[in-house]
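In what follows, a single structure is set out as structure tokens and then discussed.
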Amino acid sequence: MTDAKPTEKSGYDVIHDYLRSLDSSPGVYRMLDAESRVLYVGKARNLKARVSNYARPGQHSARIARMIQETTSMMFLTTRTETEALLLEQNLIKQLKPRYNVLLRDDKSFPNILVAKGHDFPKIKKHRGAKKEQGDYYGPFAGAGAVNRTLNQLRRVFLLRNCTDADFETRTRPCLQYQIRRCTAPCVGKISKADYAASVKDAESFLQGRTKGIQENLAMQMATASDAMEFERAAALRDRIKALTQVQSAQGINPKGVAEADIMGLHIDGGQACIQVFFIRANQNWGNHDYYPRIAGDEDASEIMQAFVGQFYSNREPPRALILSHGLDDPDLMAAALAEKAGRKVDVTVPQKGEKAELVQGALRNARESLARKMSETATQKKLLKGVAEAFDLSEPPQRIEVYDNSHIQGAHAVGAMIVAGPDGFEKNQYRKFNIRGDDLTPGDDFGMMKEVLTRRFQRLLKEDPDRSSGSWPDLLLIDGGAGQVSAVREIMEDLGVGDVPMVGVAKGIDRDAGKEEFHRTGMPVKALRHNDPVLYFIQRMRDEVHRFAIGTHRAKRSKAIGATPLDDVPGVGATRKRALLAHFGSAKAVSRANLADLKAVEGISGNMAQTVFDFFHENG
């Protein structure tokens, strides 16, 4: 690896100087500016040949020429193959977020459906994250909504349980799901293990796209029940067949000739891009999601699609086929990189006719409509941000507004919350929650809580981005409170050395009516906005959103605390032993007071574990 060389030169001269030390190896290069910020990350089959292109003036777009002029140093990393260079390039782009690269901004993980296999009566549930739990995984689905719809459909057709294992073990009579024919109540023995396993197998066949056999089998069972004059059972089977038919019709696009693929349609307009991705698995449409990669506006479609595909699959398993609206800069290289990642062949195609072309046209239509809506919303949002700048005398429209709130009940389960708004509206992947740690805080001390939240927030910013170059610093803070709160918060900010960040306190008016808010700033008179001002509505929406987020976070923390017991902290006591102890003694308090002999008498608690539990409560009690 070649380190950046400090130099006073910039642009073509700098790049030309590096050519002497480069060879024809494949690898990745980085261009850096005078403050060592990464401007661009690229890969090359031949580093010397690729970098030499940048050393020739007059051959580049305005964007690339501007990037070259800002370059004062470069870094290089050689690899064994070009495929390895491509994979490294995409990882570095996602990590460093260079200004001149096409950048995938929304990188959330997708949920799957898990058929858990660690139980006699398996549960089918939503799963997100690492696939560590025993069972079979089906996905990805485009979002939680698509998964929830499919799970509801599966339960209607196959009558599978959705309760937790703990609820399952403690039930003594069927729950409401059994009464409304959404479950067969295996918890109380209403169905045998073998029959429930057959239902699970049918559900998995459905997720694998094999629905014809399921429908025929249900129809045969219905006819048999009807012949035997078991009319209630026949009616139940009829309802399941009807539900399965509705599921198949509701899925919409179910391609016959495409078993497993991601369909991607790219639309570009007005210097912005939208890529619509449809997930086809087991010949079924499992939802779609739109993406708005960051582009400069002068990139061609193949460059945008190449960058998007590489970043999209950097932390996801690719399907067996990618069906694209536009070709890639280097389709063979991308196919090889995806195949290396997946451990099997991945087809990358741009179809011109037939069913696949029709699927692409559907994705393109959605991308076009989504981008039109996005551009309309962005234009409105830009007007609002401009209005905020004018209302509060900011030098330019804020690109990042951070809004803070606290939530607690008499100081208990206190949390702080931060939301972020900018040109794209509410940026939910930037939201943050803060568990209030201050043991010396007086219960209900809102100012003390706000001080802790802001201190933690800005100490981290100062550590991670001291030169404020990453875009993660706010252009405006909104806090809930009047003049006293603003003055106190300003003091905190100045103590941290960030007193130059603009801040506005939002306080209700004298009669506390929404619409009569007063706005407080340090050293400036109280300001009010006219009742029908769109900027006022925008601020109210931000305040309501942070309040919603804070309340939700507080409720989740409180619920978790209510469900917790001292047994959670005992080494070696998991869910099964915890249930056994609570079932035997009735409460955690009774467990803590039990003698060693009584603990040893609990089914599933060994002598050594009984000693561990006894020692925990008597040494720490």
Between [X] and [Y], which heavy-atom pair has the shortest distance, and what is it?
X      : Y      : answer
Tyr18  : Met74  : OH-N, 3.0 Å
Trp286 : Pro140 : CE3-O, 3.9 Å
Pro111 : Val147 : CG-CG2, 3.6 Å
Leu536 : Arg530 : CD2-O, 3.6 Å
Ala550 : Val415 : O-CG2, 3.8 Å
Met450 : Asn406 : N-ND2, 3.7 Å

When you measure from the side chain of [X] to the backbone of [Y], do you find a donor-acceptor pair of N or O atoms at a distance under 3.5 Å?
X      : Y      : value
Glu494 : Gly499 : no
Ser370 : Ala367 : no
Asp533 : Leu529 : no
Ser36  : Leu32  : no

Hey, are the side chains of [X] and [Y] touching, using non-hydrogen atoms and a 4.5 Å cut-off?
X      : Y      : value
Val498 : Leu462 : yes
Arg400 : Glu402 : yes
Phe434 : Leu454 : no
Asp13  : His16  : no
Val41  : Val28  : yes
Tyr54  : Met31  : yes
Phe519 : Val486 : no
Arg30  : Tyr40  : no

Establish, for the pair Lys433 and Phe549, whether the NZ or CZ atom is under 6.0 angstrom from the six-membered ring centre and no further than 45 degrees off its axis.
no
Just checking, Arg316 and Phe312: is the charged tip under 6.0 Å from the six-membered ring centre and within 45° of the axis?
yes
So, are [X] and [Y] salt-bridged, with charged N and O less than 4.0 Å apart?
X      : Y      : result
Asp500 : Arg468 : yes
Glu303 : Arg63  : yes
Glu133 : Lys125 : yes
Lys374 : Glu377 : no

Looking only at side-chain N and O atoms, does [Y] offer a donor or acceptor that is under 3.5 Å from a partner on [X]?
X      : Y      : answer
Gln90  : Tyr313 : no
Asn429 : Tyr431 : no
Asp480 : Gln485 : no
Arg368 : Asn366 : no
Thr72  : Asp33  : no
Asp405 : His547 : yes

Criterion side chain to side chain donor-acceptor pair (under 3.5 Å) on Tyr291 and Gln276, from CA distance to verdict:
CA-CA 6 Å; Tyr291 293 88; Gln276 190 79 208; over 6 Å; no
Return the [atom1] to [atom2] distance between [X] and [Y], rounded to the nearest 0.5 Å.
X      : Y      : atom1 : atom2 : result
Met524 : Asp393 : CE    : CG    : 4.5 Å
Leu266 : Ile275 : CG    : CD1   : 5.0 Å
Asp424 : Gln430 : CG    : CD    : 11.0 Å
Gln381 : Ser376 : CD    : OG    : 11.5 Å
Phe308 : Leu103 : CZ    : CG    : 11.5 Å
Ser487 : Met503 : OG    : CE    : 8.5 Å

Centroid separation Phe279 to Phe141 less than 6.0 Å:
no
Mind running salt bridge (charged side-chain N to carboxylate O under 4.0 Å, His left out) on Glu396 and Lys386 for me, showing each step along the way?
CA-CA 7 Å; Glu396 56 186 1; Lys386 183 179 178 183; over 6 Å; no
Sorted by chain and residue number, the salt bridge (Lys or Arg N to Asp or Glu O under 4.0 Å) partners of Glu464 (sequence neighbours excluded) come out as Arg460
Show the numbers, then the answer: is there a side chain to side chain contact (heavy atoms under 4.5 Å, CB included) between Leu477 and Phe458?
CA-CA 12 Å; Leu477 297 186; Phe458 283 93; 4.0 Å; yes
How far apart are the C-alpha atoms of Gln272 and Met375, what are their side-chain angles, what is the distance that settles it, and do they pass the side chain to side chain contact (heavy atoms under 4.5 Å, CB included) test?
CA-CA 8 Å; Gln272 298 185 55; Met375 290 174 73; 3.8 Å; yes
Please evaluate residues Leu461 and Ser472 with respect to the criterion side chain to side chain contact (heavy atoms under 4.5 Å, CB included), reporting the C-alpha separation (whole Å), side-chain torsions for both, the decisive distance (0.1 Å), and the verdict.
CA-CA 8 Å; Leu461 274 178; Ser472 56; 3.6 Å; yes
Pair Met542-Val546, side chain to side chain contact (heavy atoms under 4.5 Å, CB included): steps then yes or no
CA-CA 6 Å; Met542 288 190 286; Val546 73; over 6 Å; no
